[in-house]
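As structure tokens, the structure follows; a few thoughts come after it.
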Amino acid sequence: MKLNSTVTLTVEFSDELANALAQFVKRVGFAEMRCNAVDDVEAHLIRDAIDRVRMRLANAGFSPR
């Protein structure tokens with residue numbers, strides 16, 4: 001894997017799956033990310049990636065309150 005490269009993912013979800021994922025990315029906390037990361041740097045990268053997924057789901061109309 002090259003660092004600082006861009007990866008574009010295209011996925012298809014049913015509304016049910018998209019809603020479930022939106023709920024998960026809303027609820028998951030940094031503590032869960034940190035305990036699954038090798039260090040703080042990776043935990044912050046995970047959080048940034050999850051935030052991007054959350055924003056794209058919201059743009060598609062899946063933004064749970």
Side-chain angles (χ1 to χ4, degrees):
M1 177 178 81
K2 294 191 301 186
L3 296 178
N4 297 322
S5 62
T6 299
V7 175
T8 301
L9 302 173
T10 303
V11 297
E12 293 183 16
F13 293 124
S14 65
D15 285 354
E16 183 179 32
L17 289 175
N19 188 58
L21 184 57
Q23 289 288 353
F24 174 77
V25 300
K26 177 185 91 169
R27 293 177 182 153
V28 68
F30 187 76
E32 290 89 0
M33 296 173 209
R34 179 59 188 97
C35 74
N36 286 286
V38 297
D39 58 23
D40 286 343
V41 171
E42 186 178 63
H44 286 283
L45 291 171
I46 291 168
R47 184 187 61 196
D48 292 348
I50 287 176
D51 283 346
R52 288 179 184 217
V53 170
R54 183 190 50 74
M55 288 186 292
R56 298 317 181 273
L57 284 163
N59 289 343
F62 297 94
S63 183
R65 302 211 187 278

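Each residue takes its place number in the sequence, starting with 1.
- For the pair N19/F13, no side-chain contact is recorded, criterion being any heavy-atom separation below 4.5 Å from C-beta on.
- E32 places a side-chain N or O within 3.5 Å of a backbone atom of G29 that can act as its donor or acceptor partner.
- Contact record, R34 with D40: NE-OD1, 2.6 Å, taken as the closest heavy-atom pair.
- Side-chain atoms of K26 do not come within 3.5 Å of backbone N or O of S63 as any donor-acceptor pair.
- By the criterion of side-chain heavy atoms lying less than 4.5 angstrom apart, applied directly or through intervening Ile, Leu, Val, Met, Phe, Trp or Tyr residues, I50 is not grouped with M55; the two fall into different hydrophobic clusters.
- At a threshold of 4.5 Å between side-chain heavy atoms, the hydrophobic network of Ile, Leu, Val, Met, Phe, Trp and Tyr places V11 and V53 in one connected group.
- Heavy atoms from other residues, nucleotides or ligands lying under 6.0 Å from CZ of F30 number more than 12.
- L45 and V25 fall into different hydrophobic clusters, defined by Ile, Leu, Val, Met, Phe, Trp and Tyr side-chain heavy atoms under 4.5 Å apart, directly or through other members.
- Looking only at side-chain heavy atoms (C-beta outward), I46 and N36 stay at 4.5 Å or farther from each other.
- Rounded to the nearest 0.5 angstrom, M33 CE and H44 NE2 are separated by 10.5 Å.
- For A37 against E42, the heavy-atom pair with the smallest separation is CA-OE1, 3.1 Å.
- Of the possible donor and acceptor atoms, none in the side chain of R56 sits under 3.5 Å from a partner among the backbone N and O of N59.
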